Peer 1: 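Starting off with a structure, shown below.
No experiment lies behind these values; they were computed from the predicted model shown.
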Amino acid sequence: RNSFPLKTLKELNVIEKGFYRHLSDMIVEILKVQSMNEEDFRERINFEDDEFIFDSFKNNQSAIALVGHVGNHEWLGIAAGIHYGVSVDTIYKQLHNSLMDNFIKRLRSRFGNYQIEMKSTLKELIKRKNITRMIAIAGDQAPPKGESYYQTIFLNQSTSFYTGFYKIAQ
């Protein structure tokens, strides 16, 4: 109701049902990653107009990918590593449940990708500075208190966004 104040209750219910259907699809697709091979990712994820990214890697220059939790970002990170032939270093926020955290890290690390826990970002980026790679950051998570952030109105609500990707690019 906060995000869509002009929608009727019936319209909000349609949005809600669509959200839960999409969430269910994402859960099934995340579980499917365990049995997928490189060709499965190539068949399902297409990259277009990305010559400039290949050019960066040919010149030993890393790239930063700012992504959101839209569609299946888990598949995207794995597919990008396969497609570009470089490690996708994903900066992630550690999950509270250690079993789930380890499971997700294992999935994301398939095919040579590397996981960087958010608290270790600077240390890991420096440690891996000589490796040409793609650095993936999900910029749509709420920053914790004390972190630098950008405040704006999003979906009719005051919302904070990380600014760390900007600092990393600099």
Side-chain angles (χ1 to χ4, degrees), residues 1-37 39-50 53 63-84 88-111 113 115-121 134-169:
R1 291 176 195 220
N2 290 344
S3 297
F4 306 108
L6 301 178
K7 299 281 186 192
T8 66
L9 185 57
K10 185 177 180 180
E11 290 171 315
L12 291 172
N13 285 335
V14 169
I15 292 170
E16 181 181 21
K17 285 181 183 176
F19 166 79
Y20 284 112
R21 179 175 177 108
H22 176 72
L23 179 62
S24 299
D25 288 346
M26 293 299 101
I27 291 169
V28 170
E29 288 180 358
I30 288 169
L31 296 173
K32 176 73 175 154
V33 169
Q34 299 174 93
S35 65
M36 292 173 69
N37 61 35
E39 191 56 36
D40 292 328
F41 286 102
R42 285 189 187 97
E43 288 174 4
R44 289 169 172 82
I45 307 288
N46 296 316
F47 295 87
E48 297 176 358
D49 301 321
D50 58 353
I53 297 174
I64 296 176
L66 182 61
V67 300
H69 290 90
V70 179
N72 195 316
H73 60 279
E74 301 297 348
W75 283 20
L76 178 61
I78 295 168
I82 293 166
H83 179 73
Y84 294 112
V88 174
D89 290 11
T90 303
I91 298 172
Y92 75 96
K93 199 176 203 177
Q94 187 173 20
L95 300 175
H96 296 291
N97 181 305
S98 62
L99 289 174
M100 187 55 105
D101 187 65
N102 288 329
F103 172 74
I104 294 295
K105 282 193 296 193
R106 223 176 23 256
L107 286 182
R108 289 177 179 168
S109 299
R110 292 193 67 210
F111 309 107
N113 289 344
Q115 306 307 297
I116 300 173
E117 207 280 315
M118 190 179 298
K119 295 174 188 169
S120 304
T121 300
M134 179 177 285
I135 301 165
I137 306 167
D140 62 350
Q141 295 185 3
K145 290 181 182 183
E147 288 281 328
S148 177
Y149 62 88
Y150 173 76
Q151 191 80 24
T152 192
I153 301 298
F154 180 70
L155 290 174
N156 250 1
Q157 300 165 75
S158 181
T159 307
S160 304
F161 290 90
Y162 280 109
T163 57
F165 55 88
Y166 172 74
K167 293 174 187 174
I168 291 169

Peer 1: Under the side chain to side chain contact (heavy atoms under 4.5 Å, CB included) rule, what do Asp101 and His96 come out as? Steps first, then yes or no, please.
Peer 2: CA-CA 7 Å; Asp101 187 65; His96 296 291; over 6 Å; no
Peer 1: If we only count heavy atoms from C-beta on, is the Lys7 to Ile15 side-chain gap below 4.5 Å?
Peer 2: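 Of all side-chain heavy-atom pairs linking Ile15 with Lys7, at least one is under 4.5 Å.
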Peer 1: Could you tell me whether a side-chain N or O of Gln34 sits under 3.5 Å from a main-chain N or O of Leu31, the two making a donor and an acceptor?
Peer 2: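 Indeed, once roles are kept as given, a pair shorter than 3.5 Å links the two residues.
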Peer 1: What do the steps show when you test Thr121 against Ile116 for side chain to side chain contact (heavy atoms under 4.5 Å, CB included), and what is the final call?
Peer 2: CA-CA 6 Å; Thr121 300; Ile116 300 173; 4.2 Å; yes
Peer 1: Nearest 0.5 Å, please: how far is CG in Asp25 from NZ in Lys32?
Peer 2: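 Atom-to-atom, Lys32:NZ and Asp25:CG are 14.0 Å apart.
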Peer 1: List the atom of Asp40, the atom of Ser35, and the distance in Å for their closest heavy-atom pair.
Peer 2: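 Between these two residues, the closest heavy atoms are OD2-O, 4.1 Å.
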Peer 1: Judged by atom type as modelled, is there a donor-acceptor pair below 3.5 Å linking the side chain of Glu39 to the main-chain atoms of Asn37?
Peer 2: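 No.
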Peer 1: Mind checking whether Ile137 and Ile91 have side chains closer than 4.5 Å, heavy atoms only?
Peer 2: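 A side-chain contact under 4.5 Å exists here.
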Peer 1: Working note: Val33 + Arg110, criterion side chain to side chain contact (heavy atoms under 4.5 Å, CB included); need CA distance, chi angles, decisive distance, verdict.
Peer 2: CA-CA 9 Å; Val33 169; Arg110 292 193 67 210; 4.1 Å; yes
Peer 1: Nearest 0.5 angstrom please: Arg106 CZ to Gln115 CD, how far?
Peer 2: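 Answer rounded to 0.5 Å: 12.0 Å.
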Peer 1: Give me the ring orientation class for Phe41 and Phe111: parallel if the planes are under 30° apart, tilted from 30 to 60°, perpendicular past 60°.
Peer 2: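 It falls in the perpendicular class, over 60°.
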Peer 1: Measure the CG-NZ distance between Leu107 and Lys105 for me, rounded to the nearest 0.5 Å.
Peer 2: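 Here the rounded value is 12.0 Å.
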Peer 1: In the structure I gave you, are the side-chain heavy atoms of Ile78 and Met36 within less than 4.5 Å of one another anywhere?
Peer 2: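 A side-chain contact under 4.5 Å is absent here.
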Peer 1: Please find the pair of heavy atoms, one from Tyr92 and one from Arg108, that lie closest to each other, and give the distance.
Peer 2: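 Scanning both residues, the minimum pair turns out to be CB-NH1, 3.4 Å.
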Peer 1: Taking atom OH of Tyr150 as the centre, does the number of heavy atoms from other residues, nucleotides or ligands within less than 6.0 Å exceed 12?
Peer 2: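 No, OH of Tyr150 has 12 or fewer neighbouring heavy atoms, counting only those of other groups under 6.0 Å.
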Peer 1: With no hydrogens and no angle check, is any side-chain donor or acceptor of Arg44 less than 3.5 Å from a backbone partner on Trp75?
Peer 2: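 No; judged by distance alone, with no hydrogens or angles, the pair does not exist.
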Peer 1: Identify the heavy atoms of Val88 and Ala136 that sit nearest to each other, and give their distance.
Peer 2: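 In terms of heavy atoms, the two residues are closest at CG1-CB, 3.8 Å.
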Peer 1: Calculate, to the nearest 0.5 Å, the distance between atoms CD and CZ belonging to Glu11 and Phe4 respectively.
Peer 2: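 Here the interatomic distance stands at 10.5 Å.
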Peer 1: Looking at NE2 of His73 and OG1 of Thr90, how far apart are the two atoms once the value is rounded to the nearest 0.5 Å?
Peer 2: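 One finds 9.0 Å between NE2 of His73 and OG1 of Thr90.
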Peer 1: What's the spacing between Ile30 CD1 and Phe103 CZ if we round to 0.5 Å?
Peer 2: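 So the gap between those two atoms works out to 8.0 Å.
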Peer 1: Spell out, as yes or no, whether a donor-acceptor pair under 3.5 Å connects the side chain of Asn113 to the backbone of Gly77.
Peer 2: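 Answer holds: yes.
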